[in-house]
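Because only heavy atoms are used, hydrogens play no part in the values below, and waters and symmetry mates are left out as well, while side chains stay in. When a residue number appears, it is its place in the shown sequence, counting from 1.
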Amino acid sequence: MQDIELKQQQILTMLEKGVFEQDFERIAEDTLIENLNSPSEDLRLLSLHLIDDYLSRASDRARAQIKVENLYWLTANEHTRANEALGQLVAAEKLNLGHKLAVSETTGKSALPLVFSMANRQRKKAILIHGTWANGNAWYQKGGDFYNYLTNNHFDVMPFHWSGANQHAGRVMAAAHLRDLIEKNGNSHAFTKDAAGFYDVEIYAHSHGGNVALTALRLGLKVSKVVLMGTPVRYQYMPLLRNVSNGVFNVFSLGDKVQIAGALGSKRGGRAISDSEKGVNYLAEENQSNRAPGHSELHDSGVWGKNSLGDIMHQ
């Protein structure tokens, strides 16, 4: 396993330094095709990890991005859409790698069923929570911007609806419902626990929706990760870090006036949580207009891409 991790790191270092389109295709052929035919499941999974990692680093390399996005659909989405994408690639002769995936030169058989089954096993689970008065917003629901962003990064996503009432009691009620939804599996996602009692789900929450998630932790819920986006940091909602296995990640912007307004009147209120091994702050510095993002922009996939916030998903 150590050799596999070393090989992955060497390739990712090359990608971070910047590679040309043809270099990526060569790397992909050397790893993806070879490893899909390997008897080692670790090597096969490495292929999928490389695609994920490359996507998070490719925003400034448009030509390579086009190729890797086309390849990405083959591994990350449903069979119908993947087959359509593959057909377009082969017909246009844009991606020789697409043909190699369709029919392996070494076995004469399609590699796609193996890729599909591996990708499905690798998908993580996420819950999206809206903020105050935002129950009807589209971003966190199926087809919305951030919903699609997580889906395209190998998450099965469930939107969480609550009243959005701008009061503590409404947040506590929503937190209790969130806890029960996960612990009692009152949904179609069937969350499971690890040996330490943490549920296999990450929570991504905007504004006071983040305080709903933090209150659920204080009510005893134990999850993998909580990601806050523009959440007003208030004393009564301090993160209970022992109830997250990977941590609480706080995304904030100095251009977010709503966050500060929502923290007014609270002792130790503000933008950032206390830094620790499990409590990490991420400053989003620029939106698409090169200004500090506003409150609603903190759940915008473009802002996440521009500020390299996608690394949070791999923590």
Asker: Indicate whether any N or O donor in one side chain lies under 3.5 Å from an N or O acceptor in the other, for Lys306 and Asn290.
Answerer: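 Judged by distance alone, the side chains do pair up.
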
Asker: Could you check, using the six-membered ring where one of them is a Trp, whether Tyr237 and His168 have ring centers closer than 6.0 angstrom?
Answerer: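 Yes, they do, as the ring centres are separated by less than 6.0 Å.
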
Asker: Could you give the distance from CG (Asp256) to CZ (Arg271), rounded to the nearest 0.5 Å?
Answerer: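 The distance works out to 6.0 Å.
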
Asker: Other members of the hydrophobic cluster containing Leu283, with the 4.5 Å side-chain heavy-atom rule, please.
Answerer: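 Cluster partners of Leu283: Phe252, Leu254.
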
Asker: In Å and rounded to the nearest 0.5 Å, what is the OH to CD distance from Tyr199 to Glu183?
Answerer: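 That separation rounds to 4.5 Å.
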
Asker: Answer yes if Leu181 and Met173 sit in the same cluster of Ile, Leu, Val, Met, Phe, Trp and Tyr residues linked by side chain heavy atoms under 4.5 Å apart, and no otherwise.
Answerer: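 In one cluster with Leu181: Met173, no.
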
Asker: Before you tell me yes or no, could you show the steps for Phe146 and His130 under ring-ring contact (aromatic ring centres under 6.0 Å, His included), namely the whole-Å CA-CA distance, both residues' side-chain angles and the distance that decides it to 0.1 Å?
Answerer: CA-CA 11 Å; Phe146 205 79; His130 64 85; over 10 Å; no

Asker: Where do Trp304 and His299 land on the ring-ring contact (aromatic ring centres under 6.0 Å, His included) test, with the steps shown first?
Answerer: CA-CA 8 Å; Trp304 270 59; His299 57 65; over 10 Å; no

Asker: Show me the pairs that pass ring pair (Phe, Tyr, Trp, His ring centres under 6.0 Å) and involve residues 273-295, at least two apart or across chains.
Answerer: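 The answer is His206-His295.
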
Asker: To the nearest 0.5 Å, tell me how far Ser245 OG sits from Asp194 CG.
Answerer: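 One finds 6.5 Å between OG of Ser245 and CG of Asp194.
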
Asker: Under the 3.5 angstrom rule, does the side chain of Lys222 hit a backbone N or O of Lys193 as a donor-acceptor pair?
Answerer: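 No; zero donor-acceptor contacts below 3.5 Å.
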
Asker: So if you build clusters from Ile, Leu, Val, Met, Phe, Trp, Tyr with side-chain heavy-atom gaps below 4.5 Å, do Leu219 and Ile129 land together?
Answerer: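 No, Leu219 does not connect to Ile129 through the hydrophobic network.
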
Asker: Quick one: do Met229 and Val258 end up in the same hydrophobic cluster if we chain Ile, Leu, Val, Met, Phe, Trp and Tyr together by side-chain heavy atoms under 4.5 Å apart?
Answerer: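 No, because Met229 and Val258 fall into different hydrophobic clusters, even though each may have its own neighbours under 4.5 Å.
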
Asker: Hydrophobic clusters here meaning ILVMFWY residues chained together by side-chain heavy-atom distances under 4.5 Å, can you tell me if Val172 and Val212 are in one?
Answerer: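 Different clusters: Val172 never reaches Val212 through Ile, Leu, Val, Met, Phe, Trp or Tyr contacts under 4.5 Å.
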
Asker: Give a yes or no answer on whether the side chain of Asp145 reaches the backbone of Trp139 with a donor-acceptor pair at less than 3.5 Å.
Answerer: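 No, the answer is negative, given that no donor and acceptor are paired below the 3.5 Å cut-off.
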
Asker: Looking only at atom types and distance, does a side-chain atom of Asn246 sit under 3.5 Å from a main-chain N or O of Lys225, one as donor and one as acceptor?
Answerer: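 It does not hold such a pair.
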
Asker: Output the distance between atom CG (Asp200) and atom OG1 (Thr192), rounded to the nearest 0.5 Å.
Answerer: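 Rounded to the nearest 0.5 Å, the CG-OG1 separation comes out at 3.5 Å.
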
Asker: Judged by atom type as modelled, is there a donor-acceptor pair below 3.5 Å linking the side chain of Arg179 to the main-chain atoms of Thr215?
Answerer: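 No, because the side chain of Arg179 does not come within donor-acceptor range (under 3.5 Å) of the backbone of Thr215.
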
Asker: Rounded to the nearest 0.5 Å, what's the gap from CG on Leu228 to NE2 on His208? Could you check?
Answerer: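 Between Leu228 CG and His208 NE2, I get 12.0 Å after rounding to 0.5 Å.
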
Asker: Enter the distance from Leu150:CG to Ile127:CD1 here, rounded to the nearest 0.5 Å.
Answerer: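 Spacing of CG (Leu150) from CD1 (Ile127) equals 12.0 Å.
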
Asker: Determine whether Ile203 and Phe198 fall in the same hydrophobic cluster, where Ile, Leu, Val, Met, Phe, Trp and Tyr are linked whenever their side-chain heavy atoms lie under 4.5 Å apart.
Answerer: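 Looking at the clustering, Phe198 is in a separate group from Ile203.
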
Asker: Is the side chain of Ser253 donor-acceptor paired with the backbone N or O of Gly255 at a distance under 3.5 Å, no angle test?
Answerer: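 Yes: the side chain of Ser253 pairs with the backbone of Gly255.
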
